[in-house]
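Numbered from 1 within each chain, the chains take letters A, B, ... in sequence-line order.
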Amino acid sequence: NAGVMQNPRHLVRRRGQEARLRCSPMKGHSHVYWYRQLPEEGLKFMVYLQKENIIDESGMPKERFSAEFPKEGPSILRIQQVVRGDSAAYFCASSPQPNTEAFFGQGTRLTVV
Amino acid sequence: QKEVEQDPGPLSVPEGAIVSLNCTYSNSAFQYFMWYRQYSRKGPELLMYTYSSGNKEDGRFTAQVDKSSKYISLFIRDSQPSDSATYLCAMTLRLGGATNKLIFGTGTLLAVQP
């Protein structure tokens with residue numbers, strides 16, 4: 001059973017470009033969470049999704065950020081018009097049920113130049 | 001005040017020492033408590049998971065929860081250099097709560113010296 005798969009592992013974007021981060025949850029997991037980790041800070045919750053539904057997006061910036069988890073395929077975190085402050089490690093986690101053990105992927109490290 | 005407070009360290013100990021890592025929290029609604037280990041430039045790895053007060057043991061690791069004091073701990077016995085990593089506490093509301101997100105501490109950087 002493969003773990004949570006994130007790609008790409010490293011992503012470099014120029015200011016103003018779009019960043020797309022992908023997450024394939026563990027087999028049998030229908031709950032996906034995205035977190036952002038800034039240097040010297042802990043992980044901060046961004047969004048919680050189930051298949052085709054956004055359940056909790058209270059941690060998502062109101063502008064430029066969006067997330068989806070379609071019926072088929074991976075969950076996507078999309079950042080439009082990236083700025084330098086978006087540079088961070090973005091982690092995806094999945095769980096079989098809400099409020100139960102969440103297993104994390106290896107993260108995507110976004111660098112905005 | 002942050003919802004979860006964790007001493008960032010760094011904490012340096014000799015090999016074989018007992019390590020104590022701690023977090024305090026302010027929200028008494030938290031019911032599920034986890035400890036994650038994160039190696040440099042890797043994703044967090046779940047170490048321990050508990051939902052009740054008391055102790056839970058797994059090999060060299062013991063997780064302790066004191067809900068009355070809003071305090072959780074992770075003890076590592078016979079620490080090894082391979083335990084050198086950042087340890088993150090995390091917690092969340094009870095099942096069926098209004099939110100399902102994990103609230104993390106900032107992590108404690110541990111270095112075990114050979």
- request: Assert yes or no for the condition that the ring centre distance of B/Phe104 to A/Tyr35 is strictly below 6.0 Å.
  value: yes

task = Go through the steps to decide whether B/Trp35 and B/Thr50 satisfy the test side-chain hydrogen bond (donor to acceptor under 3.5 Å, both in side chains), and finish with yes or no.
result = CA-CA 9 Å; B/Trp35 284 95; B/Thr50 184; over 6 Å; no

### Query
Step by step, would you call B/Ser84 with B/Tyr39 a side-chain hydrogen bond (donor to acceptor under 3.5 Å, both in side chains)?
CA-CA 8 Å; B/Ser84 298; B/Tyr39 291 112; over 6 Å; no

When the 4.5 angstrom heavy-atom criterion is applied to B/Tyr36 and chain A, the contacting part is side chain

Whatever's closer than 4.5 Å to a heavy atom in chain B on A/Ala102 counts as both

Applying a strict 4.5 Å limit to non-hydrogen atoms, the region of B/Gln6 in contact with chain A is neither

Honestly, the part of A/Gln6 sitting under 4.5 Å from a heavy atom of chain B is neither

Exercise. B/Thr62 and B/Arg77: side-chain hydrogen bond (donor to acceptor under 3.5 Å, both in side chains), yes or no, with the steps?
Worked result: CA-CA 8 Å; B/Thr62 299; B/Arg77 291 186 301 281; 3.0 Å; yes

